[in-house]
Amino acid sequence: MKYIALPDERGVRRLSFYLAMEEYVARHVDERDCFFMWQVQPSVIFGRNQLIENEVNLDFCRRRGIMTYRRKSGGGCVYADMKNIMFSYITGEENVGFTFNRYINMVALVLAKLGVDARTSGRNDILIGDRKVSGNAFYRLPGRSIVHGTMLYDTDMENMVGSITPTGEKLLSKGVESVRQRIALLKDYVDIDIEEFKRFVRENLCDGVMTLTKDDVMAIETIEKEYLTPEFIYGNNPRYTVVRRRRIEGVGEIEARIELKNGLIKGLNLVGDYFLTGDLDGDVVSRLRNVPLTREAVMAALSGRMEDVIMNLSRDQLASLLLGED
């Protein structure tokens, strides 16, 4: 696996640059497996299918100078700063489950080499004991898969708690102490500093370096512009008349916002921290447009495998969500 380096270290860039860098590497670097690490000034990054007003305390972020960004992968909202590290992994493997499991197990193995009792858990986490040290998300481009995630070496706990708006099923509202009991900070388990840790990860995951050119950087900066537009950050949310929300084991939290007219589905927006593995608009939203909101009609319209669109979600579970069934 090749480590992707920038040609100059001009300092820390915006989080959006590194998201654009992932895209650029996926589309233009002819290496099967690529990896790089990055750090940012205090920032919140929320998932592709999340509503910013549901997930981010915007007033707190403005007061603290915390930037907000949307990514193109699914999953939940994350706070990042210079005391933790973000990992990016790009591969030619297209099988989502295989790619995801391979990556998080590689990272867990690196931690084990440091003597850390790390293990993978659930959809996307790496734990030390029963505490989370890393959360990860993924998305696909044609012929390529991108996995990215956090590694909590250390972090500003007040910023983490204050910047992310909790939902009813999360414990963030109980404050820093509650959150601290559920997460692990790597500094408490290793006797090396953050720069030494980064070197260890690079040496144990990668067998070579590819340095991008200044022209590559300019191309990345062009891609980055999309991530900075209000349309991408805030999204275009359709009108809705019905809201259904639930947490589904193995899937995540999903909120269905449905625009109904005369009993027909005119618009649908599925928001939440689930992982998208297929074409949501083409295989779900468009198929349900102008369909009666009945179990029979919804099940008939959703003729394909829902698991190929949203990870671990069945057609029956989606129908039950839309209909508000227990």
Do Asn159 and Tyr79 come within less than 4.5 Å of each other through their side chains, counting heavy atoms only? yes

Identify the heavy atoms of Ala301 and Leu288 that sit nearest to each other, and give their distance. CB-CD2, 3.9 Å

Any cation-pi pair here, Arg202 with Tyr3, using under 6.0 Å and within 45°? yes

Step-by-step side chain to side chain contact (heavy atoms under 4.5 Å, CB included) determination, Val243 to Glu255: CA-CA 7 Å; Val243 177; Glu255 181 175 291; 3.7 Å; yes

Pair up each side-chain donor or acceptor in residues 31-40 with any protein partner under 3.5 Å, not counting sequence neighbours, and list the distances.
| unit_1 | atom_1 | unit_2 | atom_2 | d |
| --- | --- | --- | --- | --- |
| Asp33 | OD1 | Tyr89 | OH | 3.3 |
| Asp33 | OD1 | Thr91 | OG1 | 2.6 |
| Trp38 | NE1 | Ser88 | OG | 2.8 |
| Gln39 | OE1 | Lys198 | NZ | 2.6 |
| Gln39 | NE2 | Met82 | O | 2.9 |

Are the side chains of Leu270 and Leu318 in touch, meaning some heavy atoms are under 4.5 Å apart? yes

Shortest non-hydrogen contact from Phe138 to Leu276? CE1-O, 3.8 Å

Are the side chain of Asn136 and the backbone N or O of Asn124 linked by a donor-acceptor pair below 3.5 Å? yes

With Arg13 as partner, the option from Glu221, Glu224, Gln41 fulfilling side chain to side chain donor-acceptor pair (under 3.5 Å) is Glu221

Would you indicate whether the side-chain heavy atoms of Asn49 and Arg70 approach each other to under 4.5 Å? no

Ionic contact status for Asp279 with Arg287, cut-off 4.0 Å: no

Are any side-chain N or O atoms of Arg119 and backbone N or O atoms of Gly129, one a donor and one an acceptor, separated by less than 3.5 Å? yes

Any donor and acceptor pair, going by atom type alone, linking the side chain of Ser286 with main-chain N or O of Asp281 inside 3.5 Å? yes

Do Met67 and Ile223 belong together in a cluster built from hydrophobic side chains that touch within less than 4.5 Å? yes

Where Leu127 and Lys132 come nearest, the two heavy atoms and their spacing: CD2-CA, 3.5 Å

Please confirm whether the backbone N or O of Thr150 pairs with a side-chain atom of Ser134, one donor and one acceptor, at under 3.5 Å? yes

Quick one: NZ on Lys187 to CG on Asn84, what's the gap to the nearest 0.5 Å? 12.0 Å

CA sep, side-chain torsions, deciding dist, call: Phe46, Ile52, side chain to side chain contact (heavy atoms under 4.5 Å, CB included): CA-CA 7 Å; Phe46 54 102; Ile52 188 171; 3.7 Å; yes

Taking the side chain as C-beta and beyond, is there a heavy-atom pair between Leu293 and Leu322 under 4.5 Å? yes

Same cluster or not: are Ile192 and Ile194 linked, directly or through other Ile, Leu, Val, Met, Phe, Trp or Tyr residues, by side-chain heavy atoms under 4.5 angstrom apart? yes

Can you name the nearest heavy-atom pair linking Gly250 to Asn312, along with the distance? O-ND2, 2.7 Å

Could you tell me whether Arg245 and Glu253 have a side-chain N and a carboxylate O separated by less than 4.0 Å? yes

Measuring from Leu15:CG to Thr68:OG1, what's the distance to the nearest 0.5 Å? 10.0 Å

Counting only heavy atoms not in Arg144, do more than 12 fall under 6.0 Å of its CZ? yes

Output yes when a side-chain donor or acceptor of Thr241 lies under 3.5 Å from a complementary backbone atom of Leu260, and no otherwise. yes

To the nearest 0.5 Å, tell me how far Leu6 CG sits from Asp216 CG. 9.5 Å

Can you tell if the side chain of Phe200 reaches within under 4.5 Å of the side chain of Lys113, non-hydrogen atoms only? yes

Atom pair CG/CG of Leu111 and Leu186 - distance to nearest 0.5 Å: 6.0 Å

ring-ring contact (aromatic ring centres under 6.0 Å, His included) for Phe100 and Phe275? Distances and angles first, verdict last. CA-CA 11 Å; Phe100 207 66; Phe275 288 138; 5.7 Å; yes

Given the rule that I, L, V, M, F, W and Y join up when any side-chain heavy atoms are under 4.5 Å apart, are Met311 and Leu141 in one cluster? yes

Test side chain to side chain contact (heavy atoms under 4.5 Å, CB included) applied to Thr120 and Asn105, step by step: CA-CA 7 Å; Thr120 62; Asn105 277 286; 3.8 Å; yes

Under 4.5 Å between side-chain heavy atoms, hopping through other hydrophobics if needed: is there a path connecting Phe17 to Leu228? yes

Using only atom types and a distance under 3.5 Å, with no angle test, would you say the side chain of Arg140 pairs donor to acceptor with the backbone of Ile146? no

4.5 Å side-chain heavy-atom contact, Tyr189 and Ile128: yes

Are Arg64 and Asp59 close enough for a salt bridge, meaning some N to O gap below 4.0 Å? no

Over 12 foreign heavy atoms within 6.0 Å of CD, Glu249: no

Which of parallel (below 30°), tilted (30 to 60°) and perpendicular (above 60°) describes Phe197 and Phe87? parallel

Does a sphere of radius 6.0 Å around CG in Asp193 hold more than 12 heavy atoms from other residues, nucleotides or ligands, not counting ones at 6.0 Å or beyond? yes

Output the distance between atom CD1 (Ile220) and atom CG (Leu212), rounded to the nearest 0.5 Å. 5.0 Å

Would you please name every residue forming a salt bridge (charged side-chain N to carboxylate O under 4.0 Å, His left out) with Glu23, sequence neighbours left out? Arg27, Lys72

Between Ile90 and Lys2, is there a side-chain heavy-atom distance shorter than 4.5 Å? no

Walk me through whether Tyr103 and Asn101 qualify under side-chain hydrogen bond (donor to acceptor under 3.5 Å, both in side chains). CA-CA 5 Å; Tyr103 168 74; Asn101 289 333; over 6 Å; no

Can you find a heavy atom in the side chain of Thr277 that is under 4.5 Å from one in the side chain of Ile310? no

Rounded to the nearest 0.5 Å, what separates atom OG in Ser43 from atom CG in Asp81? 8.5 Å

Closest non-hydrogen atom pair between Cys77 and Glu55, with its separation: SG-O, 4.0 Å

Kindly indicate, with the supporting measurements, whether the criterion side chain to side chain contact (heavy atoms under 4.5 Å, CB included) is fulfilled by Phe60 and Ser163. CA-CA 6 Å; Phe60 182 92; Ser163 61; 4.1 Å; yes

Which atom names give the shortest non-hydrogen contact between Met151 and Val107, and what distance separates them? CE-CG1, 3.6 Å

So does Met1 get a backbone contact from the side chain of Asp207, meaning a donor-acceptor N/O pair under 3.5 Å? yes

